[in-house]
2 protein chains.
Amino acid sequence: MTRLRAKVWLEKDGVPVLGDGRAVLLETIDKEGSIHRAAGKLGMSYRHAWGIIQKINRAWGEGVVHSTKGGKEGGKTELTTSGRALLKEYHKKAAALDRFLK
Amino acid sequence: MTRLRAKVWLEKDGVPVLGDGRAVLLETIDKEGSIHRAAGKLGMSYRHAWGIIQKINRAWGEGVVHSTKGGKEGGKTELTTSGRALLKEYHKKAAALDRFLK
DNA sequence: TAACGTTATGCTTTACAAAGCATAACGGAT
DNA sequence: ATCCGTTATGCTTTGTAAAGCATAACGTTA
(Lines give C-alpha, C1' and ligand atoms only; values in the text may rest on other atoms or scores of the structure.)
Protein backbone atom coordinates (compact mmCIF):
# COMPACT_ATOMS: atom_id res chain seq x y z
CA MET A 1 0.00 0.00 0.00
CA THR A 2 2.73 2.49 0.91
CA ARG A 3 6.03 2.03 -0.85
CA LEU A 4 9.37 3.71 -1.40
CA ARG A 5 10.12 4.74 -4.95
CA ALA A 6 13.25 6.20 -6.48
CA LYS A 7 14.19 8.01 -9.62
CA VAL A 8 17.80 7.41 -10.52
CA TRP A 9 20.16 9.24 -12.84
CA LEU A 10 23.81 9.64 -13.69
CA GLU A 11 25.42 13.02 -13.22
CA LYS A 12 28.69 14.37 -14.51
CA ASP A 13 30.08 17.44 -12.77
CA GLY A 14 26.70 18.04 -11.22
CA VAL A 15 24.91 18.05 -14.58
CA PRO A 16 22.33 15.31 -15.25
CA VAL A 17 23.40 13.02 -18.08
CA LEU A 18 21.24 9.93 -18.16
CA GLY A 19 18.04 8.89 -16.39
CA ASP A 20 15.54 6.19 -17.16
CA GLY A 21 13.69 8.02 -19.93
CA ARG A 22 16.88 9.03 -21.71
CA ALA A 23 18.29 5.54 -21.41
CA VAL A 24 15.20 4.07 -23.05
CA LEU A 25 15.51 6.61 -25.84
CA LEU A 26 19.12 5.65 -26.56
CA GLU A 27 18.26 1.96 -26.50
CA THR A 28 15.39 2.44 -28.89
CA ILE A 29 17.59 4.43 -31.25
CA ASP A 30 20.10 1.61 -31.07
CA LYS A 31 17.42 -0.94 -31.91
CA GLU A 32 15.74 1.11 -34.65
CA GLY A 33 18.84 2.67 -36.16
CA SER A 34 16.99 5.97 -36.41
CA ILE A 35 16.06 8.85 -34.13
CA HIS A 36 12.92 9.39 -36.16
CA ARG A 37 11.60 5.87 -35.76
CA ALA A 38 12.67 5.67 -32.12
CA ALA A 39 10.79 8.86 -31.31
CA GLY A 40 7.71 7.57 -33.10
CA LYS A 41 7.84 4.28 -31.26
CA LEU A 42 8.10 6.08 -27.93
CA GLY A 43 5.24 8.45 -28.78
CA MET A 44 7.56 11.43 -28.63
CA SER A 45 8.22 14.11 -31.24
CA TYR A 46 11.41 13.83 -33.30
CA ARG A 47 12.13 17.40 -32.31
CA HIS A 48 12.07 16.55 -28.65
CA ALA A 49 14.14 13.38 -29.01
CA TRP A 50 16.74 15.32 -30.93
CA GLY A 51 16.85 18.01 -28.22
CA ILE A 52 17.36 15.37 -25.55
CA ILE A 53 20.32 13.94 -27.43
CA GLN A 54 21.91 17.38 -27.65
CA LYS A 55 21.59 17.71 -23.89
CA ILE A 56 23.13 14.31 -23.28
CA ASN A 57 26.02 15.14 -25.59
CA ARG A 58 26.70 18.45 -23.87
CA ALA A 59 26.50 16.93 -20.39
CA TRP A 60 28.54 13.86 -21.25
CA GLY A 61 31.19 15.75 -23.19
CA GLU A 62 31.26 13.30 -26.09
CA GLY A 63 28.77 12.39 -28.77
CA VAL A 64 26.64 9.40 -27.83
CA VAL A 65 25.31 8.90 -31.34
CA HIS A 66 26.61 9.16 -34.87
CA SER A 67 24.21 10.12 -37.65
CA THR A 68 24.29 10.24 -41.42
CA LYS A 69 21.84 12.04 -43.68
CA GLY A 70 20.31 11.07 -47.00
CA GLY A 71 20.74 7.84 -48.88
CA LYS A 72 18.33 5.02 -49.63
CA GLU A 73 16.73 5.05 -46.20
CA GLY A 74 16.95 8.80 -45.75
CA GLY A 75 19.59 8.53 -43.09
CA LYS A 76 20.44 6.60 -39.94
CA THR A 77 21.74 7.00 -36.42
CA GLU A 78 23.75 4.61 -34.32
CA LEU A 79 25.25 4.69 -30.87
CA THR A 80 28.93 5.53 -30.54
CA THR A 81 31.27 3.44 -28.41
CA SER A 82 31.10 6.21 -25.87
CA GLY A 83 27.31 6.11 -25.93
CA ARG A 84 27.32 2.38 -25.30
CA ALA A 85 29.72 2.78 -22.41
CA LEU A 86 27.49 5.41 -20.88
CA LEU A 87 24.44 3.18 -21.12
CA LYS A 88 26.34 0.30 -19.61
CA GLU A 89 27.53 2.33 -16.65
CA TYR A 90 24.05 3.59 -15.99
CA HIS A 91 22.44 0.17 -16.14
CA LYS A 92 25.02 -1.39 -13.91
CA LYS A 93 24.52 1.14 -11.15
CA ALA A 94 20.77 1.47 -11.55
CA ALA A 95 20.25 -2.29 -11.47
CA ALA A 96 22.16 -2.59 -8.21
CA LEU A 97 19.94 0.04 -6.68
CA ASP A 98 16.79 -1.61 -8.02
CA ARG A 99 17.76 -4.85 -6.33
CA PHE A 100 18.22 -2.93 -3.12
CA LEU A 101 14.70 -1.46 -3.28
CA LYS A 102 13.30 -4.87 -2.25
CA MET B 1 33.40 13.04 -11.63
CA THR B 2 30.46 10.91 -12.78
CA ARG B 3 28.11 9.78 -10.06
CA LEU B 4 24.76 8.09 -9.51
CA ARG B 5 22.12 10.22 -7.85
CA ALA B 6 18.65 9.33 -6.67
CA LYS B 7 15.52 11.14 -5.72
CA VAL B 8 13.43 9.17 -3.28
CA TRP B 9 9.83 9.43 -2.23
CA LEU B 10 7.06 7.55 -0.48
CA GLU B 11 3.98 6.62 -2.45
CA LYS B 12 0.59 5.46 -1.28
CA ASP B 13 -1.62 3.73 -3.82
CA GLY B 14 0.61 5.12 -6.56
CA VAL B 15 0.21 8.72 -5.41
CA PRO B 16 3.34 10.55 -4.19
CA VAL B 17 3.10 11.44 -0.52
CA LEU B 18 6.47 12.51 0.79
CA GLY B 19 9.81 13.35 -0.82
CA ASP B 20 12.80 15.22 0.45
CA GLY B 21 11.42 18.73 -0.06
CA ARG B 22 8.12 17.92 1.59
CA ALA B 23 9.85 16.19 4.49
CA VAL B 24 11.98 19.26 5.16
CA LEU B 25 8.85 21.40 5.10
CA LEU B 26 7.11 19.24 7.70
CA GLU B 27 10.19 19.22 9.89
CA THR B 28 10.53 22.97 9.71
CA ILE B 29 6.86 23.42 10.58
CA ASP B 30 7.43 21.11 13.53
CA LYS B 31 10.41 23.15 14.67
CA GLU B 32 8.80 26.56 14.07
CA GLY B 33 5.28 25.73 15.17
CA SER B 34 3.96 27.68 12.21
CA ILE B 35 3.45 27.18 8.49
CA HIS B 36 4.05 30.86 7.94
CA ARG B 37 7.45 30.97 9.62
CA ALA B 38 8.49 27.64 8.14
CA ALA B 39 7.74 28.87 4.64
CA GLY B 40 9.66 32.08 5.29
CA LYS B 41 12.64 30.18 6.61
CA LEU B 42 12.64 27.94 3.52
CA GLY B 43 12.31 30.89 1.13
CA MET B 44 8.95 29.64 -0.06
CA SER B 45 5.60 31.44 -0.19
CA TYR B 46 3.06 30.62 2.52
CA ARG B 47 0.60 29.97 -0.27
CA HIS B 48 2.79 27.30 -1.76
CA ALA B 49 3.60 25.64 1.56
CA TRP B 50 -0.08 25.49 2.38
CA GLY B 51 -0.85 23.91 -0.99
CA ILE B 52 1.81 21.26 -0.45
CA ILE B 53 0.29 20.30 2.88
CA GLN B 54 -3.12 19.88 1.27
CA LYS B 55 -1.58 17.51 -1.25
CA ILE B 56 0.15 15.48 1.45
CA ASN B 57 -3.10 15.22 3.41
CA ARG B 58 -5.04 14.07 0.39
CA ALA B 59 -2.41 11.52 -0.62
CA TRP B 60 -1.82 10.22 2.88
CA GLY B 61 -5.49 10.05 3.78
CA GLU B 62 -5.05 11.64 7.20
CA GLY B 63 -4.13 15.13 8.33
CA VAL B 64 -0.41 15.47 8.97
CA VAL B 65 -0.76 18.81 10.78
CA HIS B 66 -3.21 20.44 13.17
CA SER B 67 -3.66 24.21 13.05
CA THR B 68 -5.38 26.84 15.13
CA LYS B 69 -6.16 30.39 14.10
CA GLY B 70 -6.03 33.66 16.04
CA GLY B 71 -4.82 34.21 19.57
CA LYS B 72 -1.77 35.96 20.92
CA GLU B 73 0.59 34.65 18.31
CA GLY B 74 -1.92 34.73 15.48
CA GLY B 75 -2.15 30.98 15.28
CA LYS B 76 0.01 27.89 15.23
CA THR B 77 0.46 24.56 13.49
CA GLU B 78 1.85 21.32 14.83
CA LEU B 79 2.37 17.86 13.43
CA THR B 80 -0.20 15.20 14.22
CA THR B 81 0.80 11.76 15.47
CA SER B 82 0.04 10.50 11.98
CA GLY B 83 2.30 13.18 10.48
CA ARG B 84 5.15 12.16 12.73
CA ALA B 85 4.68 8.51 11.84
CA LEU B 86 4.80 9.39 8.15
CA LEU B 87 8.03 11.34 8.58
CA LYS B 88 9.57 8.51 10.55
CA GLU B 89 8.71 5.91 7.94
CA TYR B 90 10.14 8.07 5.19
CA HIS B 91 13.39 8.76 7.01
CA LYS B 92 13.93 5.16 7.92
CA LYS B 93 13.62 3.96 4.35
CA ALA B 94 15.42 6.90 2.76
CA ALA B 95 18.35 6.60 5.14
CA ALA B 96 18.82 2.93 4.28
CA LEU B 97 18.95 3.82 0.62
CA ASP B 98 21.36 6.68 1.22
CA ARG B 99 23.78 4.31 2.93
CA PHE B 100 23.50 2.07 -0.08
CA LEU B 101 24.45 4.83 -2.50
CA LYS B 102 28.08 4.50 -1.33
C1' DT C 1 15.91 15.64 -62.01
C1' DA C 2 12.12 14.45 -59.06
C1' DA C 3 10.72 11.65 -55.04
C1' DC C 4 11.48 9.80 -50.54
C1' DG C 5 12.69 9.31 -45.57
C1' DT C 6 15.65 11.05 -42.33
C1' DT C 7 18.71 14.48 -40.05
C1' DA C 8 18.92 19.22 -38.39
C1' DT C 9 17.05 23.58 -36.37
C1' DG C 10 14.21 27.78 -35.45
C1' DC C 11 9.93 29.47 -33.72
C1' DT C 12 5.25 29.04 -31.53
C1' DT C 13 1.92 26.87 -28.52
C1' DT C 14 0.58 23.90 -24.44
C1' DA C 15 0.78 22.12 -19.89
C1' DC C 16 1.83 22.53 -15.31
C1' DA C 17 4.32 23.80 -11.09
C1' DA C 18 5.73 27.58 -8.38
C1' DA C 19 5.49 32.37 -7.16
C1' DG C 20 3.02 36.31 -6.20
C1' DC C 21 -1.02 39.18 -5.03
C1' DA C 22 -5.24 39.96 -2.66
C1' DT C 23 -8.64 39.29 0.89
C1' DA C 24 -11.34 37.18 4.68
C1' DA C 25 -11.42 35.10 9.22
C1' DC C 26 -9.83 34.33 13.80
C1' DG C 27 -8.86 35.42 18.77
C1' DG C 28 -5.83 37.26 22.35
C1' DA C 29 -3.68 41.77 23.71
C1' DT C 30 -4.00 46.75 24.21
C1' DA D 1 -13.19 48.44 19.35
C1' DT D 2 -8.62 48.12 17.17
C1' DC D 3 -4.30 45.94 16.14
C1' DC D 4 -1.42 41.95 15.08
C1' DG D 5 0.33 37.66 13.15
C1' DT D 6 -1.28 33.56 11.36
C1' DT D 7 -4.50 30.39 8.99
C1' DA D 8 -7.17 29.80 4.77
C1' DT D 9 -8.27 30.34 -0.22
C1' DG D 10 -9.09 32.33 -4.89
C1' DC D 11 -7.02 34.32 -8.85
C1' DT D 12 -3.13 35.96 -11.81
C1' DT D 13 1.63 35.84 -13.40
C1' DT D 14 5.99 33.62 -14.36
C1' DG D 15 9.14 29.96 -15.64
C1' DT D 16 10.22 25.83 -17.83
C1' DA D 17 9.72 21.28 -20.16
C1' DA D 18 7.36 19.13 -23.83
C1' DA D 19 4.70 19.23 -28.01
C1' DG D 20 3.81 20.92 -32.36
C1' DC D 21 4.69 23.33 -36.76
C1' DA D 22 7.59 24.72 -40.47
C1' DT D 23 11.60 24.39 -43.47
C1' DA D 24 16.17 23.29 -45.31
C1' DA D 25 19.61 19.85 -46.44
C1' DC D 26 21.18 15.41 -47.77
C1' DG D 27 22.09 11.23 -50.80
C1' DT D 28 20.30 7.09 -52.95
C1' DT D 29 16.79 5.34 -56.35
C1' DA D 30 13.64 5.54 -60.04
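Just so it is clear: chains get the letters A, B, ... in the order the sequence lines come, proteins before strands, and each one is counted from 1.
Within residues 33-45 of chain B, no residue is approached by DNA chain C to less than 4.0 Å at the level of any non-hydrogen atom.
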Give every pair of a protein N or O atom and an N or O atom of nucleotides 9-12 of chain D that lie under 3.5 Å apart, one pair per line with the distance.
residue, atom, partner, partner atom, Å
D/dG10, N7, B/Arg47, NE, 3.2
D/dG10, N7, B/Arg47, NH2, 3.2
D/dG10, O6, B/Arg47, NE, 2.9

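Between A/Thr2 and B/Glu89, the side chains place a donor N or O and an acceptor N or O closer than 3.5 Å (distance only, hydrogens not considered).
Closest approach of B/Met44 and B/Ile52 over heavy atoms only: SD-CD1, 4.3 Å.
If you take NZ of A/Lys76 and P of D/dC26, they are 18 Å apart, rounded to a whole angstrom. Look at NZ on B/Lys72: it is 16 Å from C1' on D/dC3, rounded to the nearest Å. Whole-Å rounding puts the B/His48 NE2 to C/dC21 C1' distance at 16 Å. Straight-line distance from the CD1 atom of A/Ile29 to the C1' atom of C/dT7: 12 Å, rounded to whole Å. The separation between A/Lys69 atom NZ and C/dT7 atom P is 11 Å, rounded to whole Å. The separation between A/Leu25 atom CG and D/dA19 atom P is 11 Å, rounded to whole Å. Between the CD1 atom of B/Ile52 and the P atom of D/dA8 there is a distance of 15 Å, given to the nearest Å. Here the C1' atom of nucleotide C/dG5 and the CD atom of A/Glu32 are 14 Å apart, to the nearest Å.
Using cut-offs of 30° and 60° for the angle between ring planes, the A/His36 and A/Tyr46 rings count as tilted.
Heavy atoms of B/Gly75 sit under 4.0 angstrom from primed sugar atoms or phosphate atoms, though from no base atom.
Residue whose closest nucleotide on DNA chain D sits further toward the 5' end, between A/Gly74 and A/Lys55: A/Lys55.
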